[in-house]
2 protein chains.
Amino acid sequence: MDAFGALADPTRRELLDLLSRGERTAGELGSVFPSVSQPGLSRHLRVLREAGLVRARRQSRHRIYSLRSEGLAPVDFWISKYRGFWETELDALESFLDAQGRAGARRPTRRGTRDR
Amino acid sequence: MDAFGALADPTRRELLDLLSRGERTAGELGSVFPSVSQPGLSRHLRVLREAGLVRARRQSRHRIYSLRSEGLAPVDFWISKYRGFWETELDALESFLDAQGRAGARRPTRRGTRDR
DNA sequence: ACGATTATTAGCCCTAGAGTTATAGGTTCT
DNA sequence: AGAACCTATAACTCTAGGGCTAATAATCGT
């Protein structure tokens, strides 16, 4: 399964979110998902591994997982082609709203993707 | 199926790529994929519609599809949390783009983020 | 109204994904 | 070596995704 497929599952996305805050052992990751069985979680981790999104190393009896963020680069590259689209559309929406009521001259500047 | 799931299929990603260059009728989109039956393509378009990634309107006998880029915003937002990672770790996006064949521009994608 | 055109839905298969229990693989401790 | 621990794999079931053909819907031209 490629990276796009791996990201389709919410559990796996949450695993990546956890790992983005630091490496964790498989057991620690599993304890966050009481609803998922241990083998089930191991399988999710395997999918993430084979998609190149995490790596695992062994330390004593544990397996320590860490993020391999480069694996997300193709996904980000793909979506970056669209990034301008909704920015300009939202800008258009904003100026429409300006025209509707607000006399405010707040010019919508091109900005990052994280507002909204 | 949510947007992440919709993007997991390569045919659907290609459909979005086509629509990013302008609206197309269902038939025009289908002609690009001779390997996929017409009902099969219609199903992909339905998935994209229900995921909020495209919209369709009717014009005479045709159904004209167009991109709804805002639907991609949640995906971009999710991945934006990781964007800094590979820049600081490896700058792997650049190597990815190099591997794609493009001569290495220091800032390959047009980006609106305001890091640094 | 009828036939032609364009696209969607319905009704099937068939495979892949995700979950489960049971088992195996390593590692550490005694 | 054997027990305890942590994680991965095997074998199986069940469901959802995706493909196909056939049928249905909507529109246009005559």
Side-chain angles (χ1 to χ4, degrees), chain A residues 1-19 22-68 71-72 75 78, chain B residues 1-19 22-68 71-72 75 78:
Chain A
M1 192 181 295
D2 68 340
F4 285 95
L7 294 187
D9 186 280
T11 300
R12 289 196 288 263
R13 289 201 300 277
E14 207 172 332
L15 283 169
L16 293 177
D17 282 338
L18 286 168
L19 290 176
E23 46 184 34
R24 302 268 190 284
T25 69
E28 288 168 343
L29 293 171
S31 67
V32 180
F33 303 89
S35 60
V36 182
S37 69
Q38 183 265 324
L41 203 102
S42 185
R43 257 166 77 91
H44 279 307
L45 289 171
R46 180 211 254 254
V47 170
L48 289 172
R49 248 187 291 128
E50 294 178 347
L53 299 178
V54 304
R55 76 176 72 79
R57 68 176 199 277
R58 200 168 200 123
Q59 191 190 45
S60 83
R61 276 178 289 192
H62 300 277
R63 224 170 252 269
I64 304 188
Y65 278 87
S66 54
L67 190 64
R68 253 188 102 198
L72 287 171
V75 181
W78 186 87
Chain B
M1 189 182 294
D2 68 340
F4 284 94
L7 294 186
D9 185 281
T11 300
R12 288 195 289 261
R13 289 201 299 278
E14 207 171 332
L15 283 169
L16 293 176
D17 282 338
L18 286 168
L19 290 176
E23 47 184 33
R24 301 268 191 285
T25 69
E28 287 169 344
L29 293 170
S31 68
V32 180
F33 303 90
S35 62
V36 182
S37 71
Q38 187 262 330
L41 204 102
S42 186
R43 257 167 78 91
H44 280 306
L45 288 172
R46 179 211 255 255
V47 170
L48 289 172
R49 247 186 291 126
E50 294 179 346
L53 298 178
V54 305
R55 79 176 69 79
R57 70 176 198 278
R58 221 185 224 307
Q59 191 191 44
S60 82
R61 275 177 289 191
H62 300 277
R63 222 168 254 270
I64 303 188
Y65 279 86
S66 54
L67 191 64
R68 252 189 101 200
L72 288 171
V75 180
W78 185 88

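Letters A, B, ... are given to chains in the order of the sequence lines, protein chains preceding strands, and every chain is numbered from 1.
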DNA chain C contacts made by residues 40-47 of chain B, counting heavy atoms under 4.0 Å: B:Ser42, B:Arg46
Measure from the side-chain N and O atoms of A:Arg12 to the backbone N and O of A:Ala6, and report whether any donor-acceptor pair falls under 3.5 Å. yes
Span of DNA chain C engaged by chain A, first through last nucleotide within the 4.0 Å heavy-atom cut-off, is C:dG17 to C:dT28
Between C1' on D:dG17 and CG on A:Asp9, what's the gap in Å once rounded to a whole number? 14 Å
Side chains of B:Leu19 and B:Leu29: does their closest heavy-atom pair fall under 4.5 Å? yes
Closest approach of B:Leu41 and B:Ala26, non-hydrogen atoms and distance? CD2-O, 4.0 Å
In short, salt bridge (charged side-chain N to carboxylate O under 4.0 Å, His left out) pairs touching residues 32-43 of chain A with sequence neighbours left out are none
For B:Glu14, which residues count as a salt bridge (charged side-chain N to carboxylate O under 4.0 Å, His left out) partner, sequence neighbours excluded? none
Please examine the side chains of A:Leu16 and B:Trp78, heavy atoms only from C-beta on, and report whether any two atoms are closer than 4.5 Å. yes
Side-chain heavy atoms of A:Leu18 within contact of A:Tyr65, under 4.5 Å: no
Could you tell me if the side chain of B:Leu15 sits less than 4.5 Å from the side chain of B:Leu53, heavy atoms only? no
Can you name the residues that form a side chain to side chain donor-acceptor pair (under 3.5 Å) with B:Glu28, not counting sequence neighbours? none
Within a strict 4.5 Å, meaning less than it, do heavy atoms of the B:Leu7 and A:Leu7 side chains meet? no
Strictly under 4.0 angstrom, non-hydrogen atoms only: write out the protein contact profile of nucleotides 25-30 of chain D, one letter per nucleotide from the 5' end, B, S or -. -SBS--
Looking at five pairs on each end of the helix from C:dA1-D:dT30 to C:dT30-D:dA1, what is the angle between the two axes, given to 10 degrees? 20°
Partners of B:Arg61 by salt bridge (charged side-chain N to carboxylate O under 4.0 Å, His left out), sequence neighbours excluded? none
Listed in order of residue number, which residues of residues 24-38 of chain A have a non-hydrogen atom at under 4.0 Å from DNA chain D? A:Thr25, A:Ala26, A:Gly27, A:Gln38
Report the distance from atom CG of B:Asp2 to atom C1' of D:dA16, rounded to the nearest whole Å. 14 Å
Salt bridge (charged side-chain N to carboxylate O under 4.0 Å, His left out) against A:Arg13, all qualifying residues, sequence neighbours excluded: B:Asp2
Report the residues that fulfil salt bridge (charged side-chain N to carboxylate O under 4.0 Å, His left out) with A:Arg58, sequence neighbours left out, ordered by chain and then residue number. none
What heavy-atom pair brings B:Arg49 and B:Ser42 nearest, and what distance separates the two atoms? NH2-O, 4.4 Å
Within this structure, what is the OH-to-C1' distance between A:Tyr65 and D:dC6, rounded to whole angstrom? 12 Å
Rounded to whole angstroms, how far apart are CD1 on A:Ile64 and C1' on D:dT7? 13 Å
Going by side chain to side chain contact (heavy atoms under 4.5 Å, CB included), name the residues that satisfy it together with B:Ala8, two or more places apart in sequence or in a different chain. A:Ala8
